[in-house]
Amino acid sequence: SIRTKRLETERVPYLSYVFGLPPSEIYDDINNPEGVVVLTLAENGLSSGIIANKLHEIASSAPVPSTICAYGNNLYFRQSLCKLFQHTFFKGRTLDPKNIVVMAGASAILNGLAYTICNPGEGMIIPTPSYAGFDSDLKFLSQVVPIYAPMKSDNNFKWDIEQIQKAYEKAVEANITVKALIICSPLNPTGTVYTKDEIISMLRWTQKHKVHLIMDEIYAMSVFEGTFISISDILLELGEDFGDYVHVVWSFSKDFALNGFRVGVLYTESPAVLSALCDFSYFFNASNYAQYHLKELIEDTEFLQKFFEQNLTNLRKCLKSIEAILTKYSVPYVEAKSGFFMLVDLRQFLSVSSWED
């Protein structure tokens, strides 16, 4: 079909390579020391065992209710999510579960937002370096144009509103209508935690240009140095509402080390977006089985407190080990304060600094 041919030409190389890589080709220090070391997947293997053990405990403690076998909008899960958010990165708010949409992963949410907000050929601005998956999240189904706004390397890729404006003007010159700005906060792949002033700058720019602000806060609970500031905090302090143009994306993949569960969450107060995504989510529903067990997980507040503390300790310890190795071999890097990734400068090891190399 025409759609299949388009996907072939627009495929993101790392997605097809990494997810299509046979287990036999992946590095193992004993069984396959010459295997491929995958550095493109943001998976938290440091704490996944803790969560796996807890889920086993939940599954073994009581029979699964028969209600999970039926269709349903799972209000109980969204109510539990409201409580989780109110105690973590949506503090100071009383959330309404009607403003939450649950789908099969953050990629499904982003895909749905692109489909809902944009027409084919319209664009969304993405500051770079960025999460590589944004490209496919926007293009594959919704045919939205990713508009890249490169931040400056000599400033450790910090937020630069002038670069956003340049990307916007370039898109306008190319007759591309810009409909949204997507921000990964904290930032994958640098581990940057945005400041209050930077987030206000993002908000004011989108308000000025009447475009949507999509905050991907998927690493909100994985900040091990400094304090995470959510767009929710900013709006609360400014006395402003989310309105129709501000949306928050989150998922269990990162903060809970559950990439494979495929459960993503959207918080929005836009009636139009909610209505459209409730229909769209029919094709990307998260299973009732997963939602039931995650509900039981996040309602155990005593476990959550211990898990979050241990997870941050694990991430911080691992980062310090990697930083020591990079420093030993004089490899420059951007100091990370969140997540489980870091940006390193390997140009000194390349014969030519190019995308191909």
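Predicted, not measured: the structure shown is a model, and the values here were computed from it.
Smallest separation of non-hydrogen atoms from L343 and P129: CD2-CG, 4.1 Å.
When T313, D255, N314 are each tested for a side chain to side chain donor-acceptor pair (under 3.5 Å) with S47, only one passes: N314.
Chaining together hydrophobic side chains whose heavy atoms lie under 4.5 Å apart places L39 alongside Y27, V37.
Residues passing the side-chain hydrogen bond (donor to acceptor under 3.5 Å, both in side chains) test with S153, sequence neighbours excluded: none.
A distance of 11.0 Å separates CE in M202 from CG in D197, rounded to the nearest 0.5 Å. Distance OG1/T195 to NZ/K158: 9.0 Å, rounded to 0.5 Å.
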Test side-chain hydrogen bond (donor to acceptor under 3.5 Å, both in side chains) on N99 and E269; report intermediate values, then the result.
CA-CA 6 Å; N99 293 323; E269 295 181 2; 4.6 Å; no
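N311 and N44 form a side-chain donor-acceptor contact under 3.5 Å, judged by distance and modelled atom types alone.
W159 has its ring centre no less than 6.0 Å from the ring centre of F157. Within the 6.0 Å centre-distance limit, the rings of F256 and F308 are counted as a close aromatic pair. Ring centers of Y219 and F228: at least 6.0 Å apart, outside the cut-off. Between Y115 and F280, a ring centre-to-centre spacing shorter than 6.0 Å is recorded.
Relative ring orientation between F90 and Y267 is described as perpendicular, the plane-to-plane angle rising above 60° on a 0-90° scale split at 30° and 60°. Note on ring orientation: taking the six-membered ring where Trp is involved, the planes of F307 and F303 are parallel (angle under 30°, cut-offs 30° and 60°).
Under the 3.5 Å distance criterion, the side-chain polar atoms of S142 are left unmatched by any main-chain donor or acceptor of V144. Put simply, the side chain of E122 gets close to the backbone of N119: a donor and an acceptor are under 3.5 Å apart. The backbone N or O of D28 sits nowhere less than 3.5 Å from a side-chain atom of N32 that would complete a donor-acceptor pair. Looking at S281, its side chain does come within 3.5 Å of a backbone N or O of C278 through a donor-acceptor pair. Checking side-chain atoms of R262 against main-chain N and O of A286 turns up no donor-acceptor pair under 3.5 Å. Under a 3.5 Å cut-off, the side chain of K179 and the backbone N or O of I117 do form a donor-acceptor pair.
Annotation: F349, atom CZ; neighbour count of heavy atoms from other residues, nucleotides and ligands within 6.0 Å is above 12.
Looking at heavy atoms from C-beta onward, L203 lies in side-chain contact with L213 at the 4.5 angstrom threshold.
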